[in-house]
Protein chains: 2
Amino acid sequence: MARDDTPNAATVGATERSFRILERLGEREGCGVSELAESLSISKSTVHNHLQTLRELGYVVQEGDEYRLGLQFLGLGDRARQHHDLYHVAKPETDSLVEAVGERAQVMVEEDGVGIYVYQSLADQAVRTDSHIGTVVDLHATSVGKAYLAHLSDDRLDAVLDQVAFDEQTPDTLTDAEALRTELDEIAERGYAFNDEERTVGMRAVGAPILSADDGRVLGAISVSGPTTRMNGTWYHEEVPEMVAQSAQIIGIRATYS
Amino acid sequence: MARDDTPNAATVGATERSFRILERLGEREGCGVSELAESLSISKSTVHNHLQTLRELGYVVQEGDEYRLGLQFLGLGDRARQHHDLYHVAKPETDSLVEAVGERAQVMVEEDGVGIYVYQSLADQAVRTDSHIGTVVDLHATSVGKAYLAHLSDDRLDAVLDQVAFDEQTPDTLTDAEALRTELDEIAERGYAFNDEERTVGMRAVGAPILSADDGRVLGAISVSGPTTRMNGTWYHEEVPEMVAQSAQIIGIRATYS
DNA sequence: GCGTTCGTTCGGCTCAGCAGAACGATTGTC
DNA sequence: GACAATCGTTCTGCTGAGCCGAACGAACGC
């Protein structure tokens, strides 16, 4: 079920190239043909052809000698998000949570074995990181992901864990499937998950699952994250978890009855 | 400068096909291979190849026999939007505006001769239409577009107007370039623009330009729209314009000094 | 159990897409 | 001010990638 099932099936190479170009354009904040061609090991003329095509389609814009991602992607992204009605009910509650806690909050849903942030809300003092709406996150190395996994049915969980690479991201990342399973049991009982610098050094997070109010199915998860300098003591271990779990419950109820 | 400059230049056909498929997937809320193939006049096997490619890239997800747009597009859209810092400063003010007015508000920026909504906020009573984040709108047939055009430099305005098709969308759509120019002069003087069922029958809107506080350059526009049943009288002609213009000014100031 | 329609796989043909070289335009440097 | 370097763009030829149509197996539904 997860990404990269069939490594090299019969696919359309030109489409792959186009998206490699687009993703690179997203990483750099707009760049020129030569830079793209070299970093992707594609000939300049090919890159140029793709960019012209994408420009005519409106998915890339040209500013002098630079190319940028076009805003048309907002449309495709929004369309994709509208299938997950969780977004609409989670948005106002997430904003309220951020207002109460400060820091940063994000709402995650699962898609094809990975977690994707569908909404993020930042307080003024929130730490700027590279995570944003649409960011793909590992389910086993984030508080949202673990909170989600903890309430997944056994067979779905097995399918996801088989795919997880368990690549070590920081010295404290969980690298053992069994250790993760026992932690997931604790999380399921406790009702929320912690992430103590497992993904990013200096950052802690608290995540809670968003559960359907009628059948208990897990719809997604929500988390609050901030620097270790502020996220500590009972604030980190008790008060924030309390608020996150409460918001998650409200979202779950509103998602069920709406 | 505007869309569809060079109709059939040297382009990558496979990429065009992929995006035609993706856009169609966005219109229907997920559909099967055969339906896509028939409506796009592409053979089933080709559609299938593209979908498999896009699935491996994470931009399409497969649910049984149906395909949907993937949430990965949120990432590309967000990256594109981050180049327009207007979004971040406009978001909270737009939410406040919606809270005060009710109805619906949207923030538009121009890209390549067309307007694109980068943010939209809905009150509970707001009318559901097909417009959403990422929607492409004509600059001459919307209140946001006209408010924007009214403050564009003469040469940029000429470039845009040459491209406008002036296709009649409703019986009241402006179809004459000169009539539009005189209306733009009025709008520039007045400070806000109306849209009285020009694009959608039964809907009215009030838009105001977002201007840079130092050099007066137009950064985008913001509008409030609602049904004619509620948008009328002095509420429509005076009070709403007042609030929209004030929000636009606040956004312009915050966009300039931040 | 048959007919229909789905998604997927297979194979062959042709043209679309690739790389590399050549071309102007622009920039910066001595 | 001329040269060198680098940019984006254009051009050309070759070949394999991508297209179509047909065949396949599975899943409904009358």
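Atoms considered below: every heavy atom in the structure, side chains included; atoms not considered: hydrogens, waters and symmetry mates. We name chains A, B, ... by the order of the sequence lines, and we start the count at 1 in each one.
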Query raised in the report: Any chance the side chains of Tyr67(B) and Glu35(B) put a donor and an acceptor closer than 3.5 Å?
Result: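 No, no side-chain donor-acceptor contact under 3.5 Å.
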Query raised in the report: Are Thr46(B) and Arg17(B) linked by a side-chain donor-acceptor pair shorter than 3.5 Å?
Result: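 No - no donor-acceptor pair under 3.5 Å links their side chains.
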Query raised in the report: Mapping Leu51(A) and Arg17(A) to their closest nucleotides on DNA chain D, which lands nearer the 5' end?
Result: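 It is Leu51(A), whose closest nucleotide lies nearer the 5' terminus.
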Query raised in the report: Closest nucleotide of DNA chain D for Gly13(A) versus for Ser45(A): which of these residues is on the 5' side?
Result: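 Between the two, 5'-proximity favours Ser45(A).
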Could you tell me the separation between the [atom1] atom of [X] and the [atom2] atom of [N], rounded to a whole number of Å?
X	N	atom1	atom2	result
Gln62(A)	dC7(D)	CD	P	16 Å
Leu36(B)	dC20(D)	CG	P	14 Å
Ile42(B)	dG21(D)	CD1	C1'	15 Å
Glu66(A)	dT27(C)	CD	C1'	15 Å
Arg68(A)	dG8(D)	CZ	P	16 Å
Glu16(A)	dC18(C)	CD	P	11 Å
Asn49(A)	dT10(D)	CG	C1'	10 Å

[X] side chain, from C-beta outward: closest of [options]:
X	options	value
Asp65(B)	dG18(D), dG7(C), dA19(C)	dG7(C)
Val12(A)	dC20(D), dG7(C), dG18(D)	dG18(D)
Ala14(A)	dG18(D), dA19(C), dG8(D)	dG18(D)

Query raised in the report: With under 30° as parallel and over 60° as perpendicular, where do the rings of Tyr59(A) and Phe73(A) fit, or are they tilted in between?
Result: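 Tyr59(A) and Phe73(A): tilted rings.
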Does a nitrogen or oxygen in the side chain of [X] sit under 4.0 Å from OP1 or OP2 of [N]?
X	N	value
His50(B)	dG18(D)	no
Thr46(A)	dG17(C)	no
Tyr67(A)	dC7(D)	no
His48(A)	dG8(D)	no
Gln52(A)	dG17(C)	no

Report task. Please determine if Lys146(B) and Glu183(B) form a salt bridge, counting it only when a charged side-chain N lies under 4.0 Å from a carboxylate O. Result ->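 Looking at Glu183(B) together with Lys146(B), the answer is yes, because their closest N to O distance falls below 4.0 Å.
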Query - Test: Arg181(B) and Asp158(B) ion pair at under 4.0 Å - result: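 Answer for the salt bridge query: yes.
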Query raised in the report: Base, sugar-phosphate, or nothing: which does Ser34(B) touch, judged by heavy atoms less than 4.0 Å apart?
Result: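 Touches sugar-phosphate only.
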Requested in this report: Kindly indicate whether the side chain of Lys44(A) and the base of dG8(D) share any N or O donor-acceptor pair separated by less than 3.5 Å?
Outcome: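 Side chain to base: pair present.
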